[in-house]
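To keep things clear, I will list the structure first and then write my remarks on it.
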2 protein chains.
Amino acid sequence: MRYAKPWWYKRMIEEGIKFTLQRKLILDVLNRTKKHLSAEEIYFIVRKFYPNIGFATVYRTLDLLTKIGIVIKLNFGDGRMRYELAEKENASHIHLICKNCGKVFEDGGDENEKIKEIEKNISSRYNFKVENLKIFFMGKCENCQKGGD
Amino acid sequence: MRYAKPWWYKRMIEEGIKFTLQRKLILDVLNRTKKHLSAEEIYFIVRKFYPNIGFATVYRTLDLLTKIGIVIKLNFGDGRMRYELAEKENASHIHLICKNCGKVFEDGGDENEKIKEIEKNISSRYNFKVENLKIFFMGKCENCQKGGD
DNA sequence: AATGATAATGAAAATCATTCTCAATTAGGA
DNA sequence: TCCTAATTGAGAATGATTTTCATTATCATT
């Protein structure tokens, strides 16, 4: 076999859910992009390959995949949820959201050490079992700082 | 004068926006509660004191106050935004969200030192001017860990 | 390959938080 | 007090997400 199945394929089988064409296509879209796509955007991209797909399927699939940890659901405050593929490492990257232009940047993971420490402290202090975390820094990006307002 | 005006009063005057009764009542609610209230919840509480207040006023006020930094708008993933009064210190507390029961806990601020460091690194690495930040740890709370699934 | 049980899908309607519109009211300065 | 702009309330509108339900696909067994 030339191409190995992607890691999410295995996870889905483990979970006992089916790796249908629609789910595959949605995951392919998430896998190829670097952006944080909304359900609607994903819908329109998948539609090019599979014009019959329904809106509900996209939402259901994204929810399902979020529930089992294959996908991460993010809210950047623009009124719609956005989705990204969960990567095994680097699960705790920081999102920088520019309040001015709305662009979202991601930290490469340089702060992971420190985040891990915080996570450990929190876990033991509150007896809280951390499964994943989200860190948003809101402010003004380089460009918008120059550009005036 | 027996009671000094609260800090948000000054801020509002500075900003040139009016300290109307409706706005006062909404702020009072936020000031008294320890919970993270939704717009709807705030609406119903204010209604007890001022039955005529409109839904739109609550939303408008919360948006306005969020914009000038008196209020913080949070999304815990339960489909509605939630609001809290911005406290001057402790602005960067960590929210712990239990995926099982939905309860939200807050860290007292013990990690503030480390968070500040991360913030500083990010700022200089990306030339991003951090104005405020949100940190969510999702997982399972003490109670739900015992209680089974 | 046909069958049956179950999971998944598509289309449309329903939901529900939030935003908009606009006429009426209010507040604060001239 | 009068004027003007800001604020408000009611209800309609919006728009993302969910639900419903009839249909279809999947997979393990015959």
Side-chain angles (χ1 to χ4, degrees), chain A residues 5 8-9 11-29 36-68 70-83 102, chain B residues 5 8-27 29 36-68 70-83 102:
Chain A
K5 301 277 188 193
W8 56 79
Y9 173 81
R11 183 83 63 86
M12 286 173 73
I13 299 307
E14 261 174 41
E15 293 281 343
I17 66 176
K18 288 169 187 161
F19 192 67
T20 63
L21 177 57
Q22 290 92 331
R23 289 172 181 173
K24 177 190 182 312
L25 290 173
I26 289 168
L27 279 160
D28 285 349
V29 168
H36 299 99
L37 301 174
S38 66
E40 193 191 24
E41 289 166 333
I42 294 166
Y43 168 77
F44 281 115
I45 298 172
V46 172
R47 231 161 169 285
K48 293 183 194 158
F49 302 98
Y50 190 95
N52 244 358
I53 194 162
F55 237 108
T57 300
V58 174
Y59 274 106
R60 274 186 299 230
T61 299
L62 291 169
D63 272 7
L64 182 72
L65 297 177
T66 298
K67 216 164 285 163
I68 63 177
I70 292 178
V71 161
I72 295 174
K73 190 174 178 177
L74 299 162
N75 182 303
F76 296 140
D78 64 342
R80 64 193 62 193
M81 302 308 275
R82 297 182 169 275
Y83 301 85
Chain B
K5 302 277 189 193
W8 56 80
Y9 173 82
K10 294 169 196 166
R11 184 85 61 85
M12 286 171 73
I13 301 307
E14 263 175 39
E15 294 281 342
I17 65 176
K18 289 171 185 157
F19 192 68
T20 64
L21 177 57
Q22 291 93 329
R23 289 170 181 171
K24 176 189 183 314
L25 291 172
I26 289 168
L27 279 160
V29 168
H36 299 99
L37 300 174
S38 66
E40 194 192 23
E41 289 166 333
I42 294 166
Y43 168 76
F44 281 114
I45 297 173
V46 172
R47 232 160 169 285
K48 293 182 194 160
F49 304 97
Y50 191 96
N52 245 357
I53 195 163
F55 236 107
T57 301
V58 175
Y59 274 105
R60 273 185 302 230
T61 300
L62 291 169
D63 272 7
L64 182 71
L65 298 177
T66 298
K67 215 165 284 163
I68 64 177
I70 292 178
V71 161
I72 295 173
K73 190 174 180 179
L74 299 162
N75 182 303
F76 295 140
D78 64 343
R80 65 194 62 195
M81 303 308 274
R82 295 181 170 277
Y83 300 84

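First the proteins, then the strands, lettered A, B, ... as listed; each starts at 1. Note that this is a predicted model, so its numbers are computed, not measured.
Under the 4.5 Å side-chain criterion, counting only non-hydrogen atoms from C-beta, Ile45(A) is in contact with Leu37(A). With contacts defined as side-chain heavy-atom distances shorter than 4.5 Å, the pair Thr61(B)/Ile42(B) does not qualify. Between Glu40(A) and Val58(A) there is no side-chain heavy-atom pair separated by less than 4.5 Å. Proximity of Val46(B) to Thr57(B): side-chain heavy atoms (C-beta onward) are nowhere separated by under 4.5 Å. Within the 4.5 Å cutoff, the side chain of Met81(A) has no heavy atoms near those of the Leu62(A) side chain.
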Generate the contact string for nucleotides 5-18 of chain D. Rules: B means base contact, S means sugar-phosphate contact only, - means no protein heavy atom under 4.0 Å. -SSBBBB----SBB

Evaluate side chain to side chain contact (heavy atoms under 4.5 Å, CB included) for Leu27(B) paired with Met12(B), printing each intermediate quantity in order. CA-CA 12 Å; Leu27(B) 279 160; Met12(B) 286 171 73; 3.8 Å; yes

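Distance, Met12(A) CE to dA8(C) C1': 11 Å, rounded to whole Å. Rounded to whole angstrom, the span from the NZ atom of Lys24(B) across to the C1' atom of dT26(C) amounts to 18 Å. Here the P atom of nucleotide dA17(C) and the CZ atom of Phe76(B) are 17 Å apart, to the nearest Å.
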Compile the donor-acceptor pairs under 3.5 Å between side chains in residues 17-25 of chain B and protein atoms, sequence neighbours left out, one pair per line.
residue: Thr20(B); atom: OG1; partner: Arg23(B); partner atom: N; Å: 3.3
residue: Gln22(B); atom: NE2; partner: Tyr50(B); partner atom: OH; Å: 3.4
residue: Arg23(B); atom: NH1; partner: Lys18(B); partner atom: O; Å: 2.9
residue: Lys24(B); atom: NZ; partner: Asp28(B); partner atom: OD2; Å: 2.6

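Axis orientation changes by 30° from one end of the helix from dA1(C)-dT30(D) to dA30(C)-dT1(D) to the other, with each end axis drawn from 5 pairs and the value rounded to 10°.
A perpendicular orientation is assigned to the rings of Phe76(A) and His36(A), their planes being inclined by more than 60° (bins at 30° and 60°).
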